[in-house]
Asks: 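Attaching a single structure in structure tokens format; questions to follow.
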Amino acid sequence: MQLAQKIIIADDHPLFRTAMQQAVKQLLPDVLIEQAESLPELQHLIELHKDADLVLLDLQMPGAHGYSGLVYMRSHYPEIPVIVVSACEDPAIMCQAIDHEAAGYIAKSSSLDEISRAIGLVLQGDIYLPEKARRHQHHPNPLAMDLAVRLATLTPQQFRVLTMMADGMLNKQIAYDLEVSEATIKAHVTAIFRKLGVRTRTQAVIAVQSLDIEKPEGRIAASSSHVDA
């Protein structure tokens, strides 16, 4: 007996999660659906469902900075395809998602039929991009790709510490939220600096924030600077 497919919808907007669930059910009536409202919740959920067939990932969830959630998923769970879902309809952003190994990109303005078709193609092993992205002449940004490779070396806990740093939290606050000692957080921060090739907290934060889709690609170069802030 074939097991029902399992899909995780990760988005902080309840109405969109409902719409996405309808599209998934339209394609796969017997599918099992799990939902996450933030990147930390997705991190927890994916540990419980490592056999998931697909993740539908919003780029702008709490705890994520643009492509950072996608980079995390592809580095730690490469066997699970990820379709990015976003309100952004810039073809360059869509192509950059594919650069970061997304299996597809769905604009939130898409119809239920289009969403279902995209999911079906990805589940068959294909890559889905909207027509405007397929027509776009795209050149991958080597600095962004190098940063993604560096971020992929972080452990799940280090990645979470980095995103909390990027949200402006101090070591003491991070330690409290993660229920560990401040010394443990300091050790994580030291390891993050080494893996990202930076020297200061500010540089580490700039690195992860450079993955925000609103920021120009040129700012990624700042993440490789070694000038103390």
Side-chain angles (χ1 to χ4, degrees), residues 7-28 33 35-39 41-42 53-75 80-145 147-148 151 163 166-167 208-221 223:
I7 293 178
I8 298 175
I9 300 172
D11 192 289
D12 63 327
H13 292 91
L15 289 178
F16 184 76
R17 289 201 308 273
T18 298
M20 186 61 73
Q21 183 167 328
Q22 291 175 350
V24 172
K25 289 284 189 180
Q26 178 175 296
L27 177 69
L28 304 165
I33 295 177
Q35 299 185 26
E37 299 181 10
S38 66
L39 183 57
E41 190 173 326
L42 173 60
D53 296 286
L54 177 66
V55 171
L56 299 167
L57 178 67
D58 182 16
L59 288 178
Q60 302 289 45
M61 285 192 304
H65 288 271
Y67 299 112
S68 66
L70 174 60
V71 170
Y72 175 85
M73 285 298 304
R74 299 308 300 144
S75 61
I80 304 176
V82 178
I83 296 178
V84 166
V85 291
S86 176
C88 180
E89 300 192 25
D90 183 341
I93 298 301
M94 297 177 180
C95 292
Q96 288 168 24
I98 303 302
D99 288 346
H100 291 301
E101 301 185 9
Y105 191 106
I106 296 174
K108 289 191 174 182
S109 62
S110 303
S111 66
L112 289 181
D113 286 344
E114 186 175 355
I115 294 172
S116 295
R117 185 165 69 88
I119 293 171
L121 286 172
V122 170
L123 288 175
Q124 292 171 16
D126 293 329
I127 291 177
Y128 175 81
L129 268 177
E131 178 64 27
K132 64 171 68 176
R134 293 196 296 272
R135 295 196 307 265
H136 178 71
Q137 291 188 349
H138 175 66
H139 303 286
N141 185 316
L143 290 172
M145 301 309 295
L147 174 60
L151 287 172
T163 57
D167 288 336
V208 70
Q209 288 181 341
S210 69
L211 291 172
D212 283 342
I213 63 175
E214 306 93 343
K215 299 181 185 297
E217 291 182 356
R219 292 192 59 180
I220 292 173
S223 69

Asks: Please assess Tyr67 against Arg74 for the test side-chain contact (heavy atoms from CB on, under 4.5 Å), listing each intermediate value before the final yes or no.
Replies: CA-CA 11 Å; Tyr67 299 112; Arg74 299 308 300 144; over 6 Å; no

Asks: What's the verdict on side-chain contact (heavy atoms from CB on, under 4.5 Å) for Lys108 and Asp58, showing C-alpha distance, side-chain angles and the deciding distance?
Replies: CA-CA 10 Å; Lys108 289 191 174 182; Asp58 182 16; 3.6 Å; yes

Asks: So, Gln26 and Asp113: side-chain donor and acceptor under 3.5 Å apart, yes or no?
Replies: yes

Asks: Of all the heavy-atom pairs spanning Asp11 and Arg17, show the shortest one and how long it is.
Replies: O-NH1, 2.7 Å

Asks: Might you point out which heavy atoms bring Glu41 and Ala36 nearest each other, and give the distance in Å?
Replies: OE2-CA, 3.5 Å

Asks: Do the side chains of Ile115 and Leu56 get nearer than 4.5 Å, heavy atoms only?
Replies: no

Asks: Have a look at Val85 and tell me which of Ile106, Leu57, Ile9, Leu59 forms a side-chain contact (heavy atoms from CB on, under 4.5 Å) with it.
Replies: Ile106

Asks: Measuring from atom CG of Leu129 to atom CD1 of Ile83, what distance do you get when rounded to the nearest 0.5 angstrom?
Replies: 10.5 Å

Asks: Not counting sequence neighbours, which residues clear salt bridge (charged side-chain N to carboxylate O under 4.0 Å, His left out) with Lys132? List them please.
Replies: Glu89

Asks: What's the spacing between Ser116 OG and Lys25 NZ if we round to 0.5 Å?
Replies: 12.5 Å

Asks: Apply side-chain contact (heavy atoms from CB on, under 4.5 Å) to Ile80 and Ile8, showing your working.
Replies: CA-CA 10 Å; Ile80 304 176; Ile8 298 175; over 6 Å; no

Asks: With side-chain contact (heavy atoms from CB on, under 4.5 Å) as the test, would you mind laying out the steps for Val82 and Glu101 before giving the verdict?
Replies: CA-CA 8 Å; Val82 178; Glu101 301 185 9; over 6 Å; no

Asks: Could you state the interatomic distance from CE (Met20) to CG (Leu112), rounded to the nearest 0.5 Å?
Replies: 9.0 Å

Asks: Taking all non-hydrogen atoms of both residues into account, name the closest pair between Val71 and His100 and its distance.
Replies: CG2-ND1, 4.1 Å

Asks: Quick one: CG on Leu151 to OG on Ser75, what's the gap to the nearest 0.5 Å?
Replies: 8.5 Å

Asks: I need the minimum non-hydrogen distance between Pro81 and Leu54, along with the two atoms involved.
Replies: O-CD1, 3.4 Å

Asks: Minimum heavy-atom separation for Met73 to Leu42, with atom names?
Replies: SD-CD2, 4.0 Å

Asks: For Glu37 and Asp12, work out which heavy atoms get closest and say how close.
Replies: O-CB, 3.3 Å

